[in-house]
Amino acid sequence: MNRYGLLTLAAFVAAPVVAQAPKPTGASLMDKAATVIGGAAWLKVQSFSSKGTVSVPAQGISGTMEIQAQAPNKFAMKQSLKGIGDSSSAFDGTVGWSKDPFTGLRTLAGAELASLKAQSALSLRPAGWKSVYSKAEVLGTVKVAGAPAYRVRLTPKVGNPETQYFDVKTGLQVRSDQTLETPNGKIAVESYFSDYRSVSGIKMAHKIRQLAGPTEIVILLSDVKINAPVEASAFEKPKE
């Protein structure tokens, strides 16, 4: 071996070994996301309520929104849009229902009910995601709002698969892709989460931008209250 070969070999042997960071799994990213928004602090949350605004900028539509949740699995959401009316949906722990000016009062079943039950279960217990999803797979990274994010495909125990995106640096969820079942068929919805704020030790996104086909919907939350009394009637299905 010539002198050059010896020097090359010596440099190779002396070079420090750089350990490669293990690639995150879907489960680890889901667990991290639950931790960075409060982790164990969520176990102390028995209820929350928030009020805010909702708008459809392209159509000049605006209104108000109210969300209420109560442990272990009650959830209610109401929207009041000017010129359209009130729309509500809720899960009372057993029955899921919705009511709007177009389809009236309906008892939910199938994929619609499964989606609402999942939202109810995870709204106060994000660490319990395994009770809703049977599989979490990392599909690589993409950029969301200019920053790299892990792309995780989730297979629910009931309902349609969805994809969630988690900021590589912070671990916060920044986007989700879902296919929602509606009386008018399936609708693909992209949701973007930002403006995370701490309230009583937990973090919540206060801005949600949704794209349902060509329609953009902007939700701005405010007046978030943790462990404040919620209205029991909000979860109860109205009489026919």
Side-chain angles (χ1 to χ4, degrees), residues 24-50 67-77 88-98 107-139 149-167 170-182 186 188-191 193 196 199-205 208 210 221 224 226-227 230 232 234-237:
T25 64
S28 68
L29 291 172
M30 294 293 288
D31 289 339
K32 181 179 179 179
T35 299
V36 296
I37 60 173
W42 281 94
L43 298 177
K44 300 178 182 178
V45 180
Q46 296 302 310
S47 66
F48 85 76
S49 63
S50 65
I67 300 173
Q68 298 187 77
Q70 185 174 15
N73 60 348
K74 293 183 179 181
F75 182 87
M77 180 170 62
S88 300
S89 61
F91 181 70
D92 66 2
T94 304
V95 176
W97 58 271
S98 71
T107 300
L108 303 182
E112 277 189 287
L113 177 60
S115 178
L116 185 56
K117 287 176 69 175
Q119 190 171 20
S120 302
L122 298 179
S123 61
L124 294 181
R125 297 293 181 265
W129 64 271
K130 289 182 181 178
S131 67
V132 174
Y133 303 105
S134 59
K135 186 185 296 185
E137 305 169 273
V138 180
L139 301 181
Y150 292 111
R151 185 168 172 248
V152 179
R153 182 171 59 195
L154 298 169
T155 303
K157 295 180 179 179
V158 181
N160 299 315
E162 64 184 87
T163 305
Q164 295 185 5
Y165 302 75
F166 302 95
D167 185 274
T170 66
L172 292 170
Q173 183 183 3
V174 291
R175 174 181 168 181
S176 73
D177 298 343
Q178 295 176 287
T179 300
L180 302 181
E181 301 283 348
T182 75
K186 294 182 178 181
V189 178
E190 295 179 10
S191 300
F193 307 93
Y196 276 87
V199 182
S200 298
I202 65 174
K203 284 185 178 181
M204 296 180 63
I208 304 169
Q210 294 183 324
L221 298 182
V224 177
I226 304 298
N227 288 332
V230 296
F235 311 110
E236 298 172 357
K237 182 183 175 183

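Numbers for residues simply follow the sequence, beginning at 1.
Residues Phe48 and Val230 approach most closely at O-CG1, 4.0 Å, considering heavy atoms. Minimum interatomic distance between Leu124 and Ala71 (heavy atoms only, all atoms of both residues): CD1-N, 3.1 Å. Between Phe235 and Phe91, the shortest heavy-atom distance links the atoms CD2-O, 4.1 Å. Nearest heavy-atom pair, Gly26 versus Val138, reported as atom, atom and distance to 0.1 Å: N-CG2, 3.3 Å. Heavy-atom minimum distance, Ala136 versus Val152: CB-CG1, 4.1 Å. Between Ala76 and Ala234, the shortest heavy-atom contact is CB-O, 3.5 Å.
Contact check for Met204 versus Val199: no side-chain heavy atoms found under the 4.5 Å cut-off. Side-chain contact check for Leu122 versus Tyr133: some heavy-atom pair is nearer than 4.5 Å. Side-chain contact check for Phe193 versus Val174: every heavy-atom pair is 4.5 Å or farther apart. Residues Phe75 and Ile67 meet the side-chain proximity criterion, which asks for heavy atoms closer than 4.5 Å. Using a 4.5 Å heavy-atom cutoff, the side chains of Thr170 and Val36 are not in contact. When side chains are defined from C-beta on, Met30 counts as touching Leu154, because their heavy atoms get closer than 4.5 Å. Between Ser200 and Asn227 the shortest side-chain heavy-atom distance does not fall below 4.5 Å. The shortest side-chain heavy-atom distance between Leu43 and Arg125 falls under the 4.5 Å cut-off.
Not one N or O on the side chain of Ser134 forms a donor-acceptor pair closer than 3.5 Å with the backbone of Lys157. At distances below 3.5 Å, at least one donor-acceptor pair connects side-chain atoms of Ser120 with backbone N or O atoms of Leu116. At distances below 3.5 Å, at least one donor-acceptor pair connects side-chain atoms of Tyr196 with backbone N or O atoms of Gln173. Looking at Trp97, its side chain never comes within 3.5 Å of a backbone N or O of Asp92 through a donor-acceptor pair.
Environment of NZ in Lys117: sparse, with no more than 12 heavy atoms of neighbouring residues, nucleotides or ligands closer than 6.0 Å.
Take Glu162 and apply the salt bridge (Lys or Arg N to Asp or Glu O under 4.0 Å) test, not counting sequence neighbours, and it matches no residue.
Of the inter-residue distances, the one linking Leu180 atom CG with Glu112 atom CD reads 9.0 Å to the nearest 0.5 angstrom. Taken from NZ in Lys74 to CD in Gln68, the straight-line distance is 11.5 Å, to the nearest 0.5 Å. Lys237 contributes atom NZ, which lies 9.5 Å from atom OG of Ser98 (distance to the nearest 0.5 angstrom). Atom NZ in Lys32 sits 11.0 Å away from atom CZ in Phe166 (nearest 0.5 Å). Note that OG1 of Thr163 and CG of Leu139 are 6.5 Å apart. Values are rounded to the nearest 0.5 Å. How far OG1 of Thr25 is from OH of Tyr150: 10.5 Å, rounded to the nearest 0.5 Å.
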Where do Gln46 and Gln70 land on the side chain to side chain contact (heavy atoms under 4.5 Å, CB included) test, with the steps shown first? CA-CA 6 Å; Gln46 296 302 310; Gln70 185 174 15; over 6 Å; no

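Gln210 and Ser191 are linked by a side-chain donor-acceptor pair at a separation below 3.5 angstrom, with hydrogens and angles left out of the test.
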